[in-house]
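Below is one structure; the comments refer to it alone.
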Amino acid sequence: MISPEYTALFILAVAIYLFFTEKFPLPVTAMLVPIALSLTGILEPAVAFSNFGDRWVVVFMGMFIISGAMFKTGFASVIGDITVKMAGKSRLKLMLLVMGVLGIMSALLSNTGATAVFVPVVVAVCLSSGTSPKAMLMPMAFASSLGGTLTVIGTPPNGIVNSVLNDSAQYMEFGFFEFAKVGIFLFILGIAYMVLIGYKLLPKGEIENIDDKPKKEEKLRTDKMWVAVLIFLFVIISMATGVVDFQVAAMLGAMFTIITGCLTMEEAFNSISWTTVFLFAGMLSMSEAIQVTGAADLIASGLVNVSDTPYIVLMVFFITTSLLTNFMSNTATAAVFAPIGITVAESLQVSPYPFVMAIAIGASCCFLTPIATPPNTIVLGPAGYSFKDYFVAGWPLQLLTFIISMIIIPIFFPF
């Protein structure tokens, strides 16, 4: 019989094949994963399907409803019109503005929260400027992931790495902005790549095909606009300050939009991108399976025996972390590899900081699939992207971030 870890990896390989070929709709392939894990006995059914209650799934649903309210009350359109006036007719200015603002917000808020909040605004900008959201939402997601590398709170992997360092009595945590020593180069690189080259690789799309576009015959509830704005601000401030937990803030804000009449119950349900929900919840079970079966340890143990040259090990850590994160939770990947990074460093008698920094950055620099990071998943439904769209536009950026990281990390965090 095939061992559980190889069974899990086989299921992952089949899922990747189905995602790329799109023989089935993406949500169907995603849901076949927990089904397969249950039938093979790798996970109990209750565990395999438990991720519909995951905090990020709840955040996604809440923020999609709030997004719907921003459209229905006309707020998103107003912001879109203002942004278009600032950018003029220049695609360059528009993309620079969207990526720059969201990247900075992602560093200070959270890349997941910032992306979820700004999706309706960016879609409104696209509609106002006559641009397909397909041309702007993926660059926005990439900028959000890269912006998250600027601070310790920008993305979960950064916090996990610090937590692992803190658990060891002999190592100090990274400072709040210390990640930016590497992240700022990647952030600037990401914007430059999308503005100069990446936009050419993005899928072409008609504005009319985007589900988030308000129907012309619909009457906007402009009298509720400022109510939606206050709800919007409440959610942002709650997430930024940590006074209210992410999923609580998102869902409370969503309920307020219905209670105050910004949305009807039917409109709230219709505003949720169910593709995003099913895709993310289904694939989280794969992440758990890779850990509980020992498949992650199998991969990690192979890393230890690759080389005794620190620089080569650094490259392997970055490549393995980023590639694996494209198909499982970046939070889970960082949690698995950060302790391994410290162990390997100690066995090589070198500093662990370059290794764990590479793991943190590698877990955020993932652009090949819609399930690689929460920002990638969030824009999938609203833009109507296919699985392959991410790979086509993302692989050059994936390669560039690897090259730059391998140059920058050893400079600021020597062995």
Side-chain angles (χ1 to χ4, degrees), residues 83-84 86-109 111 114-115 118-119 121-122 125-126 129 131-151 154-155 158 177-204 315 318-319 322 325-326 330 357-358 360-370 372-373 375-376 378-379 383 385 389-412:
T83 306
V84 170
M86 292 175 63
K89 296 182 179 180
S90 170
R91 175 198 59 81
L92 173 66
K93 288 182 180 179
L94 186 58
M95 188 172 286
L96 279 172
L97 192 61
V98 168
M99 294 184 74
V101 170
L102 186 61
I104 294 171
M105 286 296 296
S106 295
L108 301 175
L109 176 59
N111 57 7
T115 305
F118 275 86
V119 162
V121 176
V122 174
V125 168
C126 293
S129 64
T131 303
S132 168
K134 284 181 180 290
M136 205 60 64
L137 287 184
M138 195 180 296
M140 183 191 82
F142 290 173
S144 180
S145 293
L146 292 170
T149 65
L150 298 175
T151 68
T155 184
N158 291 0
F177 287 108
E178 205 161 358
F179 292 91
K181 291 178 179 178
V182 180
I184 190 64
F185 293 97
L186 301 177
F187 180 50
I188 294 171
L189 169 73
I191 294 178
Y193 162 74
M194 290 307 305
V195 169
L196 300 175
I197 302 171
Y199 78 94
K200 298 177 182 178
L201 303 176
L202 294 170
K204 303 296 185 290
M315 291 192 291
F318 189 98
I319 292 171
S322 58
T325 299
N326 273 292
N330 61 353
M357 178 59 72
I361 297 296
S364 294
C365 293
C366 304
F367 314 104
L368 303 181
T369 72
T373 61
N376 283 12
I378 290 170
V379 302
Y385 291 127
D389 290 336
Y390 289 83
F391 183 83
V392 172
W395 76 262
L397 184 56
Q398 186 87 57
L399 180 59
L400 287 170
T401 53
F402 165 69
I403 294 171
I404 296 300
S405 295
M406 292 304 97
I407 295 172
I408 300 299
I409 291 176
I411 294 175
F412 288 102

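Keep in mind it's a predicted model, so treat the numbers as computed, not measured. Residues: numbered from 1 along the sequence shown.
- Expressed to the nearest 0.5 Å, how far CZ of Phe142 lies from SG of Cys366 amounts to 10.5 Å.
- For the atom pair CG of Leu92 and CG of Leu97, the computed distance is 11.0 Å after rounding to the nearest 0.5 Å.
- Looking at residues two or more places apart in sequence or on another chain, you find a side chain to side chain contact (heavy atoms under 4.5 Å, CB included) between Leu368 and Leu323, Asn326, Phe391, Trp395, Gln398.
- Across Thr115, Leu146, Val119, a single residue satisfies side-chain contact (heavy atoms from CB on, under 4.5 Å) together with Pro375, and that is Thr115.
- Between Val182 and Met357, the shortest heavy-atom distance links the atoms CG2-CG, 4.2 Å.
- Phe402 meets the ring pair (Phe, Tyr, Trp, His ring centres under 6.0 Å) test with Phe318; sequence neighbours excluded.
- Considering CD1 of Ile404 and CD1 of Ile409, their distance stands at 11.0 Å, rounded to 0.5 Å.
- Between Thr149 and Ser364, the closest heavy-atom pair is CG2-CB, 3.7 Å.
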task = List the steps and the verdict of side-chain contact (heavy atoms from CB on, under 4.5 Å) for Phe367 and Thr401.
result = CA-CA 10 Å; Phe367 314 104; Thr401 53; 3.9 Å; yes

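- Pairing each heavy atom of Tyr390 with each of Pro370, the nearest pair is CE1-CB, 3.4 Å.
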request  = Please report the C-alpha distance between Val379 and Met140 in whole Å, then the side-chain angles of each, then the deciding distance to 0.1 Å, and finally whether the side-chain contact (heavy atoms from CB on, under 4.5 Å) criterion is met.
outcome  = CA-CA 9 Å; Val379 302; Met140 183 191 82; 3.7 Å; yes

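- Taking a 6.0 Å sphere around NZ of Lys93, one finds it holds 12 or fewer heavy atoms contributed by other residues, nucleotides or ligands.
- Smallest separation of non-hydrogen atoms from Tyr385 and Pro133: OH-O, 3.6 Å.
- For Leu196, there are no side chain to side chain contact (heavy atoms under 4.5 Å, CB included) partners at least two apart in sequence or on another chain.
- For Tyr193, the side chain to side chain contact (heavy atoms under 4.5 Å, CB included) criterion is met by Ile197, Leu201, Pro396, Leu397, Leu400, not counting sequence neighbours.
- Annotation for Pro410 and Ile407: closest pair CD-O, 3.6 Å, computed over non-hydrogen atoms.
- Applying the side chain to side chain contact (heavy atoms under 4.5 Å, CB included) test to Ile188 and every residue at least two apart in sequence or in another chain returns Ile184.
- Rounding to the nearest 0.5 Å places OH of Tyr199 at 8.5 Å from CE of Met95.
- Residues Asn158 and Thr151 have side chains not in contact (no heavy-atom distance under 4.5 Å, counting atoms from C-beta outward).
- In this structure, the separation between CD1 on Ile408 and CD1 on Ile361 is 11.0 Å, given to the nearest 0.5 Å.
- The structure places CG of Leu137 at 8.5 Å from OG of Ser132, a figure rounded to the nearest 0.5 Å.
- Within the 4.5 Å cutoff, side-chain heavy atoms of Leu186 are placed close to those of Ser405.
- The shortest non-hydrogen separation linking Phe179 to Ala360 is CE2-CB, 4.1 Å.
- Remark: Thr373 pairs with Ser145, Asn376 by the side-chain hydrogen bond (donor to acceptor under 3.5 Å, both in side chains) rule, at least two apart or across chains.
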request  = Check step by step if side-chain contact (heavy atoms from CB on, under 4.5 Å) holds for Leu202 and Met194.
outcome  = CA-CA 9 Å; Leu202 294 170; Met194 290 307 305; 4.0 Å; yes

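- Using modelled atom types, one side-chain atom of Ser106 and one backbone atom of Leu102 make a donor-acceptor pair closer than 3.5 Å.
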